[in-house]
Amino acid sequence: MATTTAVPGWLHAPADPNALAEQVWPAGAHRDDDGAVVIGGLALTELAERFGTPLYVVDEADARSRARRILAAFEAAAASVGTSVAVYYAGKAFLSAEIVRWVSSEGLAVDVCSGGELAVALAAGADPARLGFHGNNKSLAEIERAVEVGVGAIILDSEIEIERVARAAEQAGRIQRVRLRVNSGVHASTHEFLATAHEDQKFGVSLERAVELGARIRSHASLDFLGLHCHIGSQIFDSAGFAESAERLLAAHAELARVAPVPELNLGGGFGIAYTSVDDPTPIERISLGIAEAVARACRAHGVPVPKLAFEPGRSIIGPAGVTLYTVGTVKPVPVEGGWRHYVSVDGGMSDNARTALYGADYTVRLAGRVSDEPPALVRVAGKHCESGDIVVDADYLPHDVAPGDLVAVAATGAYCWSLANNYNHVPRPPVVAVRDGVARVIVHGERIDDLLARDAGIHPQHPASNPSGGTTA
Ligand SMILES: *Cc1c(COP(=O)(O)O)cnc(C)c1O
């Protein structure tokens, strides 16, 4: 086989470019007799016909079963060390009213990190007491709103915020439960973690101030200190980084626990998923057990009881449940070292999936409407935006006869695609359709160009959604 720098080292030409690698597609995804990919009991060809492309498709049963499995894994792990656990769905991965209802009905709490996300969760009927409110720069209005509706925990991110939340709670005549976000110095990425004394990033307070600031929180009668919080990164494949971070946090936790009980320890989210056939995250049952055992060990060493645990998975619940469907517009072979790369341009791009441009993320693409016996060709799936970095799938293989009009599906786009979607080049954001047992329904409406024009004050001096005084109805 020709070796070429045009192909990333991890990528190998598949024996069958029609095959759907099990770990990257929603559970049960398969091809029907016509070769069309079926998800949630519906052929993607039918969905494209009904809803158009680009289209986000979310498999409801798959998302729910991942939520259930992750909750069960953490419950079993917590029970094995004699404690309990709360699992928060990290809404920033993908938040809509339906998703809030799915995860809530599966027993998860929900994390939000802005007034907008809070509004979605509340509108969906989430129990405010089961919401966590994050953010390194919550506005006063957001803090007051969170306190007023009775959010279960506000995660304090700075010294300044301790005072702000204390004052807001005092003025509202409430006692607000809070966690203190600590920067453990552990930063994990997919295959390794880095442990330093300090981490140069915006979130949390440094570990050596955790005890002092915990005491400060306790000095406010309007605050109820639940414990420390830490989130070490994303797309993490094993438990080592969490264990290291937990051990570091436990020293501060234990010191605080010697003064008064510290009921909880929240270790955040970041559990990785497979985006390509070579990604192989450790099963969540093993990760959760590894973390729980590390926490229990550290508690024994410090002579403190094992606190209630909390985790905040986002991507690992909704990521693999989603796919994005596109129609191919053009195919352009470009000579590269050792052969050809086929630029397959689709009708979406960095406006519906910014992760490739933003993080250099890898994805998997397959023909969604048919199979082909043609040999695999190296492809790069590009979008339609005026920007050469507008790439959806950097490198994968499709059958050599991929052609204009073909439907293609990109796997594992459920997390951080819709939530990062934008209107670059005035491209409307696509709808989100949930599929389950052969039934499809829109859970987020798509935008039309008219929706975009409606905001242009040179076309519509009054925003259609604004009140007569010109202020927006926030
Ligand atoms: C982003 C984030 C999460 C979720 O991360 P995933 O990688 O989606 O699991 C959880 N907690 C905090 C504080 C976050 O910022």
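All ligand and atom numbering here is 1-based and tracks the order in the structure. Residues: numbered from 1 along the sequence shown. Model, not experiment: these values are computed from the prediction.
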Contacts under 3.5 angstrom, residues 252-271 side chains, donor-acceptor by atom type, not counting sequence neighbours:
from, atom 1, to, atom 2, distance (Å)
E264, OE1, R179, NE, 3.2
E264, OE1, R179, NH2, 2.8
N266, OD1, G268, N, 2.9
N266, ND2, E312, OE2, 3.2

request  = Answer yes if the side chains of D390 and Y424 hold a donor-acceptor pair under 3.5 Å, and no otherwise.
outcome  = no

ask   = At a 4.0 Å threshold, what atoms of ligand 1 neighbour a non-hydrogen atom of G314?
value = 6 (P), 8 (O), 9 (O)

note = Within 4.0 Å of some non-hydrogen atom of H134, the atoms of ligand 1 are 13 (C)

Which of the ligand 1 atoms, numbered from 1, are nearer than 4.0 Å to a heavy atom of R181 = 13 (C)

ask   = Which atoms of ligand 1 have any heavy atom of A90 under 4.0 Å away?
value = 3 (C), 4 (C), 10 (C)

note = Honestly, for E312 the part within reach of ligand 1 (heavy atoms, under 4.0 Å) is both

message = Pairing donors with acceptors under 3.5 angstrom, does anything connect the side chains of D279 and Q235?
response = no

ask   = Under 6.0 Å from the six-membered ring centre of F203 and within 45° of its axis: does the NZ or CZ of R181 meet both?
value = yes

query = Hey, does Y416 come in under 3.5 Å of ligand 1, counting only N/O atoms on both sides?
reply = yes

ask   = For ligand 1, does P313 get within less than 4.0 Å through its side chain, its backbone, both, or neither, judged by non-hydrogen atoms?
value = backbone

inquiry  = Among residues at least two apart in sequence or on other chains, which ones pass side chain to side chain contact (heavy atoms under 4.5 Å, CB included) with R297?
reply    = E247, E293, A294, R300

inquiry  = Considering G270, G269, S419 one by one, which has a heavy atom nearer to atom 7 (O) of ligand 1 than any of the others?
reply    = G270

ask   = Taking N or O atoms only and a 3.5 Å limit, does S234 qualify as a polar contact for ligand 1?
value = no

message = Side chains of T413 and R355: any donor to acceptor distance under 3.5 Å?
response = no

request  = May I ask you to identify the nearest protein heavy atom to atom 15 (O) of ligand 1, giving residue, atom name and distance to one decimal place in Å?
outcome  = K92 NZ, 2.6 Å

message = Please check whether G268 reaches ligand 1 - meaning an N/O of the residue sits under 3.5 Å from an N/O of the ligand, judged on distance alone.
response = no

task = Could you check H231 against H134 for ring-ring contact (aromatic ring centres under 6.0 Å, His included), going step by step and ending with a plain yes or no?
result = CA-CA 11 Å; H231 173 73; H134 278 279; 8.0 Å; no

note = Per side chain to side chain contact (heavy atoms under 4.5 Å, CB included), D396 is matched among V344, T364, D362 by T364

request  = Taking only heavy atoms of R315 into account, list the atoms of ligand 1 that are under 4.0 Å away from them.
outcome  = 6 (P), 7 (O), 8 (O), 9 (O)

ask   = If you measure only the distance, is there a donor-acceptor pair under 3.5 Å linking the side chains of Y88 and R130?
value = no

query = Does Q235 reach ligand 1 with a nitrogen or oxygen that is under 3.5 Å from one of the ligand's nitrogen or oxygen atoms?
reply = no

